[in-house]
Chemist: 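I'd like to ask you about the structure that follows.
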Amino acid sequence: MKLTEHFKLDEFTYSLTASRLKIDNSIPAALMPNIQLTAIKLELVRKALEHPIIITSGYRCPALNARVGGVASSAHTQGLAVDFRSPFGTPKQICQRLIDAGVVFDKLIQEHNQWVHIGFSPTHNRQIVLTAVKNGGKTVYLNGLA
Ligand SMILES: [Zn+2]
């Protein structure tokens, strides 16, 4: 099912962990408006990067989210966040470009220099920018692009 010009529903539900563990990661009807909003926002991200986006983690049902170690309040469980990579460049270059282009987001996280997390709010986008790094085996979030 096509959501927007460049994004399909499958891209938001696909999870290797979910298929391996036989977790049903399909999206509840009540969250479809959130997924649709996220897809629309991701078109703007794609436009700013002028490159495709590869979603590595989109929607996570609570069971899947727990298995991948996500915090219970994760925007992924609301269908309002994705993790992605892009041939545009490194996670830091991607984040910098999105900031410079004035893309609206609630939270943008450069994750361990491996992927980008972007989250949106239907009502109040806070433009929070963080960098996730490991510190003594634990993930800590630094303000801004470190
Ligand atoms: Zn994420």
Side-chain angles (χ1 to χ4, degrees), residues 3-4 6-21 23-28 30-49 51-146:
L3 296 170
T4 59
H6 299 102
F7 297 100
K8 294 192 297 270
L9 187 61
D10 287 4
E11 298 175 74
F12 289 85
T13 55
Y14 176 74
S15 160
L16 195 59
T17 307
S19 25
R20 193 161 45 83
L21 299 171
I23 293 171
D24 176 8
N25 194 46
S26 49
I27 297 165
L31 293 182
M32 279 306 295
N34 286 356
I35 297 287
Q36 188 69 48
L37 174 102
T38 301
I40 290 167
K41 299 283 190 184
L42 287 179
E43 288 287 351
L44 303 177
V45 170
R46 192 184 192 278
K47 199 172 173 189
L49 297 176
H51 282 80
I53 287 170
I54 300 105
I55 299 174
T56 55
S57 180
Y59 172 67
R60 294 179 198 153
C61 66
L64 174 61
N65 190 56
R67 283 306 291 247
V68 299
V71 290
S73 61
S74 169
H76 285 276
T77 63
Q78 298 304 311
L80 290 171
V82 301
D83 296 340
F84 73 94
R85 291 180 286 107
S86 170
F88 174 86
T90 66
K92 189 174 181 176
Q93 288 169 330
I94 292 168
C95 290
Q96 191 62 62
R97 173 70 191 138
L98 298 183
I99 294 164
D100 293 347
V103 170
V104 172
F105 50 79
D106 185 51
K107 215 184 258 188
L108 181 68
I109 312 176
Q110 182 204 160
E111 301 255 17
H112 311 285
N113 241 329
Q114 291 175 37
W115 71 88
V116 177
H117 166 106
I118 192 163
F120 306 100
S121 163
T123 51
H124 181 61
N125 286 287
R126 298 170 292 172
Q127 303 292 121
I128 295 170
V129 180
L130 301 169
T131 297
V133 293
K134 286 275 185 204
N135 192 333
K138 202 167 170 277
T139 298
V140 292
Y141 295 92
L142 312 173
N143 281 320
L145 290 180

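For ligands, and for the atoms within them, numbers begin at 1 and follow the listed sequence.
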Chemist: For the Zn ion (ligand 1), find the closest N/O/S atom on His117 and give its atom name.
Modeler: ND1
Chemist: If you measure from the Lys or Arg side-chain nitrogens to the Asp or Glu carboxylate oxygens, is any gap between Arg60 and Asp83 under 4.0 Å?
Modeler: yes
Chemist: Look at the N, O or S atoms of Asp83, main chain and side chain alike, and state whether any lies under 2.8 Å from the Zn ion (ligand 1).
Modeler: yes
Chemist: Hey, does the side chain of Ser86 reach the backbone of Pro52 with a donor-acceptor pair shorter than 3.5 angstrom?
Modeler: yes
Chemist: If we only count heavy atoms from C-beta on, is the Leu31 to Phe12 side-chain gap below 4.5 Å?
Modeler: no
Chemist: State the atom name: nearest N, O or S atom of His76 to the Zn ion (ligand 1).
Modeler: NE2
Chemist: Should Val82 and Ile53 count as side-chain neighbours, where that means a heavy-atom distance under 4.5 Å?
Modeler: no
